[in-house]
Amino acid sequence: METTPADNKLSGTGNFIHNYIQDDLKGLLHKVHTRFPPEPNGYLHIGHAKSICLNFGLAALYGGQCNLRFDDTNPATEDKEYVKAIIDDIRWLGFDWADRLYFASSYFDKFYEFAVLLIQKGKAYVCDLTPEQIREYRGTLSSPGKHSPYRDRSVDENLALFEDMKNGVFADGSKTLRAKIDMDSPNINLRDPILYRIAHLTHHTTGDTWCIYPMYDYAHPIEDALEGITHSICTMEFEDHRPLYDWVIDEIGFEQKPRQIEFAKLNLANTIMGKRFLKTLVLENKVDGWDDPRLVTLSGIRRRGYTPESIRNFCEMIGVSKASSVVELSQLEYSIREDLKAKVNVLMAVLDPIKVVLTNYPEDQTEMLVIENSQENETLGTREVPFTRELYIERDDFMEEPMKKFFRLAPGKEVRLKGAYFIKCEEIIKDADGHIQEIHCTYDPETKSGSGFEGRKVKGTIHWVSKAHAVPMTTNLYNALTIPDAEAEAGYTFNPESLVVMKQAVIEPAVRQYASSLRFQFIRNGYFYLDEKVSDVQNDTFVFNRIVSLKSSFKG
RNA sequence: UGGGUUGUCGCCAAGCGGUAAGGCACAGGACUUUGACUCCUGCAUUCGAAGGUUCGAAUCCUUCCAGCCCAGCCA
C-alpha cells in the first residue's frame with residue numbers, strides 16, 4: 001500500500017515541526033494557525049519560498065489557516081513597491097490567504113496601549129541613554145551589563161515621557177522605551193531590550209501619524225497573539241529571542257499563547273541570497289533588475305522559467321530541520337526537469353549553427369516530416385517539420401577529429417538526423433583561414449524515419465533545422481552568478497560569464513504555433529522559457545531563457 | 001572565555017531503546033531516432049569522538065571535539 005507524504009506527516013514521520021504540532025493537537029490545541037510575515041523591504045527569494053511553503057503547507061495539512069502579514073515596523077527600509085511584489089510572488093507560488101492580509105502597522109495603536117500597560121506594571125521604562133551608551137551598558141557576550149541610570153524612573157514619569165515620545169517632543173535617538181528584564185542575563189536579548197524607538201519618518205501605510213515605532217521583538221509576539229497564531233515559525237537566528245517573545249506574551253497577559261518554532265533557513269550551494277549583494281548587482285546594472293533570470297529572487301526564478309509546482313516540490317523534497325545545511329543546485333534542477341518532462345513540447349533548435357549541405361538531395365525539394373511532440377507524453381501529438389537540402393546542425397555535433405567515444409558527425413561517419421535520414425559526412429568546406437564554412441554530406445533515402453529500415457545502425461541521432469525555414473531567435477544561457485575569488489573580501493565576485501547570449505540560434509517554424517505554451521524542451525539542449533518581457537511573438541522576435549540543461553552522461 | 005543551538009552516506013533528511021527509511025548526486029547495466037526519459041543494480045556493520053548504563057544504544061548518561069547564531073534605537 002502506498003503512502004503519500006501527507007500520510008507520513010500525519011502519522012508522525014516527517015519533520016520536527018509536525019511532531020510538535022501533533023503533540024500540541026493531542027493537548028488543548030484544536031487548530032493550527034500560522035503566518036508568513038515578510039518585511040516589505042526587498043524582494044522575496046527562494047529561501048522565503050521554503051518558509052512560505054512551510055507555513056501555508058502546514059496550515060493546509062492540518063486544516064488550519066495561514067495569514068500573510070507584512071511586518072512593517074521599520075519605515076526606514078520599507079516601501080509599498082515591495083508589498084506589491086511580495087504579494088505577486090506568493091500568489092505565483094500558488095498560495096492564498098483569503099481575507100487574512102495584515103500589516104503590523106495596523107496594530108500600532110495596540111502596541112502603544114500594551115506599552116502603556118507594561119509601564120504601569122513597572123515592566124518598561126523610558127531611557128535617555130544614547131545609542132553608544134546603550135551598547136556600552138549592555139555588556140558583552142561574556143560579561144554582564146549594568147543598569148541604566150533611568151531604569152528606576154517612576155511609573156508616572158515614564159508614562160508622561162512615553163506620551164511625549166509619541167507626541168514628537170523628542171529627537172530621533174534621544175530616548176527609547178525599554179523592557180525592564182535583567183541586565184545580568186547571559187542572554188543578551190534579555191538585557192533590557194528596546195521596545196520602541198523614535199523615528200520621524202513617513203510610514204508607507206500610516207504616513208506621519210507616528211514618530212515612534214515598535215521593535216520586532218516587541219511587536220511580533222503581539223501580532224501573533226492578536227491574530228490567534230498558534231505556531232509562529234521563524235528561522236534559527238531567533239532562537240535566543242524566544243525567551244523575550246514569551247516574556248512579552250506573558251507580561252501582557254495573552255491567554256492563548258502562540259508558540260515560536262525555529263527552523264534552519266535554506267542555503268543553496270554557490271548561490272548568494274544576501275540582499276546587499278543582490279541590490280548592488282541591480283544598482284550597478286550588472287543584472288537586468290530584480291527579475292534577472294540569474295537571480296534566485298522569486299521573480300528571477302519565475303522569469304527564468306521555473307514553475308511554481310517545481311518550487312513547491314523542491315521545498316517539499318529538501319525537508320525542514322534545525323541543522324544548518326547547504327542544498328545542492330542539482331536538487332533544484334531535478335525538481336524542474338521532473339515537472340516539465342512530461343508537460344512540454346520538444347522542438348528542435350540549434351543554438352550554435354553550422355551549415356550542412358546534403359549534396360544528393362534535390363535542390364528544390366521540401367519534405368514535411370511528421371515528428372512526435374514528446375516521447376514522454378503521446379497526448380501532445382505530432383507536428384510537421386520541413387526538411388530540405390540545406391540544414392543547420394549544432395556546431396558541437398561535428399568533430400573534424402573525433403575523440404574515441406564520439407557518436408555524432410565526423411568525416412566519413414554516419415548519424416541520424418532526428419525524424420529524418422541517415423547522413424554521412426563526405427567533405428568539409430573551409431575558408432582561407434581554415435575555419436569550417438559548411439559540411440557536405442550525403443543522405444540515404446532508404447533510412448527515412450518510420451520506414452522500418454534495419455539495414456544498419458547508427459550510434460548518434462542529432463537535431464537540425466532547415467536553413468530555408470529557420471526562425472532566428474536569441475537564447476540566454478546561464479552560468480553561476482559568482483565565481484570564487486580569494487582576493488575579494490566576500491570570497492567571491494560577479495561572474496561576467498554568468499550570462500551567455502546565443503544570438504545566432506535558430507529554431508524550427510513550429511515555434512510560432514506553439515509559442516503560447518511558453519515552456520519547451522529544445523531537444524538535447526535543455527528546457528527553455530519564452531521571455532515575454534523581451535519577446536514579440538507577433539513580430540517573430542523570440543528570446544528564450546534556458547531554465548536548465550538536460551542531464552548528460554556524455555563525457556566530452 | 002558567556003548564552004543558545006546543531007552534528008546520521010558527497011548533499012538534503014527520516015529515525016524518539018529493539019538492531020540505519022527516502023530523495024538528490026554518483027557508478028555500473030538494460031532500453032533508446034534526445035549520450036534525455038524509463039528500468040534494473042550498487043552506494044553508512046555504522047550514526048562527531050571516547051567512555052558508561054542495558055540482553056540490546058544513532059536513540060539514555062558522562063566527558064570531550066567541531067560547526068552555526070547572539071553584543072542594531074534591523075527583521
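Chain identifiers are assigned alphabetically (A, B, ...) following the order of the sequence lines, protein sequences preceding nucleic acid strands; residue numbering begins at 1 within each chain.
- Here the separation of C26(B) from A36(B), taken at their P atoms, is 11 Å to the nearest Å.
- In this structure, Tyr334(A) does not pack face-to-face on the six-membered ring of G23(B), missing the 5.5 Å centre cutoff or the 30° plane limit.
- The side chain of Asn74(A) approaches C74(B) more closely than any other nucleotide in the set C74(B), G15(B), U34(B).
- Nucleotide C73(B) holds its P atom 17 Å from the CD1 atom of Ile212(A), rounded to whole Å.
- Atoms CE (Met236(A)) and P (C69(B)) sit 11 Å apart, rounded to a whole Å.
- Atom CG of Asp217(A) is separated from atom C1' of C74(B) by 10 Å (rounded to the nearest Å).
- Nucleotides A25(B) and C11(B), compared at atom C1', are 7 Å apart to the nearest Å.
- Separation of the Phe111(A) and Tyr196(A) ring centroids does not fall under the 6.0 Å cut-off.
- By the rule that a glycosidic angle within 90° of 0 means syn, G29(B) does not qualify and counts as anti.
- Under 3.5 Å, the side chain of Gln521(A) and the base of U34(B) form at least one donor-acceptor pair of N or O atoms.
- Applying the Watson-Crick and G-U wobble criteria (two distances, each under 3.5 Å), A25(B) pairs with nothing in any strand.
- His241(A) comes within 4.0 angstrom of a nucleotide base, judged by non-hydrogen atoms across all strands.
- The same atom, C1', is picked in U59(B) and in C43(B); the two are 25 Å apart, to the nearest Å.
- The Lys555(A) side chain lies nearest to A27(B) when the options are C73(B), G7(B), A27(B).
- Look at the P atom in both C68(B) and U1(B): the space between them is 14 Å, to the nearest Å.
- Between Arg416(A) and the phosphate of U34(B), there is no side-chain N or O to OP1/OP2 separation shorter than 4.0 Å.
- Leu129(A) comes within contact range of at least one nucleobase, with a heavy-atom separation under 4.0 Å.
- The shortest distance between the side-chain N/O atoms of Ser325(A) and the OP1/OP2 oxygens of C11(B) is not below 4.0 Å.
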Next on the checklist: For Arg35(A) and Ser232(A): C-alpha separation, side-chain torsions, deciding distance, then whether side chain to side chain donor-acceptor pair (under 3.5 Å) applies.
Outcome noted: CA-CA 7 Å; Arg35(A) 104 267 90 119; Ser232(A) 181; 3.0 Å; yes
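- Distances shorter than 4.0 Å separate some side-chain N or O of Lys341(A) from OP1 or OP2 on U38(B).
- Side-chain N/O atoms of Arg138(A) include none lying less than 4.0 angstrom from OP1 or OP2 on C70(B).
- Across all strands, Tyr213(A) comes closer than 4.0 Å to no nucleic acid atom at all (heavy-atom distances).
- Cation-pi check for Arg546(A) over Tyr529(A) is not met; the charged atom does not lie both under 6.0 angstrom from the ring centroid and within 45 degrees of its normal.
- Atom pair Trp464(A):CH2 and U34(B):C1' shows a separation of 14 Å (rounding to whole Å applied).
- Residues of residues 185-196 of chain A having a heavy atom closer than 4.0 Å to RNA chain B, listed by number: Pro186(A), Ile188(A), Ile194(A).
- Of the side-chain N and O atoms in Arg197(A), one or more sit less than 4.0 angstrom from OP1 or OP2 of A75(B).
- Judged by closest nucleotide on RNA chain B, Glu328(A) is the one of Glu328(A) and Ser553(A) placed further toward the 5' end.
- Residues Tyr137(A) and Asp192(A) bring no donor and acceptor atom of their side chains to less than 3.5 Å of each other.
- Both Ser552(A) and Val320(A) lie close to RNA chain B; mapped to their nearest nucleotides by heavy-atom distance, the more 5′-ward contact belongs to Val320(A).
- Between C26(B) and Lys551(A), a contact under 4.0 Å exists linking OP1 or OP2 to a side-chain N or O.
- For the pair Gln260(A) CD and A75(B) P, the interatomic distance rounds to 15 Å; values are reported in whole Å.
- For the pair Lys166(A) and Tyr112(A), the cation sits on the ring face: its NZ or CZ lies under 6.0 Å from the ring centre, inside 45° of the axis.
- Between the C1' atom of U34(B) and the CG atom of Asn525(A) lies a distance of 10 Å, rounded to the nearest Å.
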Item to check | Working for salt bridge (charged side-chain N to carboxylate O under 4.0 Å, His left out), residues Asp182(A) and Arg191(A) | outcome: CA-CA 5 Å; Asp182(A) 179 8; Arg191(A) 317 240 262 231; over 6 Å; no
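- Nucleotide A58(B) has no partner under the Watson-Crick or G-U criteria, as no pair reaches both atom distances under 3.5 Å.
- Between the P atoms of G52(B) and A20(B), the separation comes to 22 Å (whole Å).
- Ion pairing between a basic and an acidic side chain is recognised when a charged N comes within 4.0 Å of a carboxylate O; Lys424(A) and Asp444(A) show no such pairing.
- Across all strands, Phe406(A) comes closer than 4.0 Å to base atoms (heavy-atom distances).
- Ile523(A) comes within 4.0 angstrom of a base, heavy atoms only.
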Checklist entry - Where do Arg456(A) and Glu414(A) land on the salt bridge (charged side-chain N to carboxylate O under 4.0 Å, His left out) test, with the steps shown first? => result CA-CA 10 Å; Arg456(A) 58 189 185 280; Glu414(A) 197 171 38; 2.7 Å; yes
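- Closest to the side chain of Lys322(A), out of G4(B), U6(B), G35(B), is U6(B).
- If you check every strand for non-hydrogen atoms under 4.0 Å, Ser143(A) touches nothing.
- Classification of Arg524(A) and Asp397(A) as a salt-bridged pair holds, one side-chain N sitting under 4.0 Å from a carboxylate O.
- Taking the six-membered ring where the residue is Trp, the centroids of Phe520(A) and Phe544(A) are separated by under 6.0 Å.
- Base engagement by Gly450(A) is indicated by at least one non-hydrogen atom pair under 4.0 Å involving a base atom.
- Residue contacts shown for Thr140(A) include a base, since a base heavy atom lies under 4.0 Å away.
- Computed from coordinates, the Leu201(A) CG to C74(B) C1' distance equals 13 Å when rounded to whole Å.
- Taking only side-chain atoms of Ala323(A), from C-beta outward, the nucleotide of G72(B), G15(B), U6(B) with the closest atom is U6(B).
- With a cut-off of 3.5 Å on both Watson-Crick or G-U wobble distances, the partner of G2(B) is given as C70(B).
- When only modelled atom types and interatomic distance are considered, Thr130(A) and Gln133(A) share a side-chain donor-acceptor pair under 3.5 Å.
- Straight-line distance between the P atoms of A57(B) and A66(B): roughly 28 Å, to the nearest whole Å.
- In the set G4(B), U34(B), A75(B), the nucleotide with an atom closest to the side chain of Gln375(A) is U34(B).
- Note on Arg337(A): every side-chain N or O is 4.0 Å or more away from OP1 and OP2 of A36(B).
- For Arg69(A) and Phe103(A), the positive end is not near the middle of the six-membered ring at less than 6.0 Å and at most 45° from its axis.
- In terms of polar N and O atoms assigned as donor or acceptor, the side chain of Arg408(A) comes within less than 3.5 Å of the base of G35(B) in a complementary pairing.
- Taking a pair to require two hydrogen-bonding distances under 3.5 Å in either a Watson-Crick or a G-U wobble arrangement, U45(B) remains unpaired.
- Applying the 4.0 Å criterion to OP1 and OP2 of C11(B), one finds that Gln331(A) has every side-chain N and O outside that range.
- In this structure, CZ of Phe554(A) is placed 14 Å from C1' of U34(B), rounded to the nearest angstrom.
- When heavy atoms are screened at a 4.0 angstrom cut-off, Ile134(A) is found touching base atoms of the nucleic acid.
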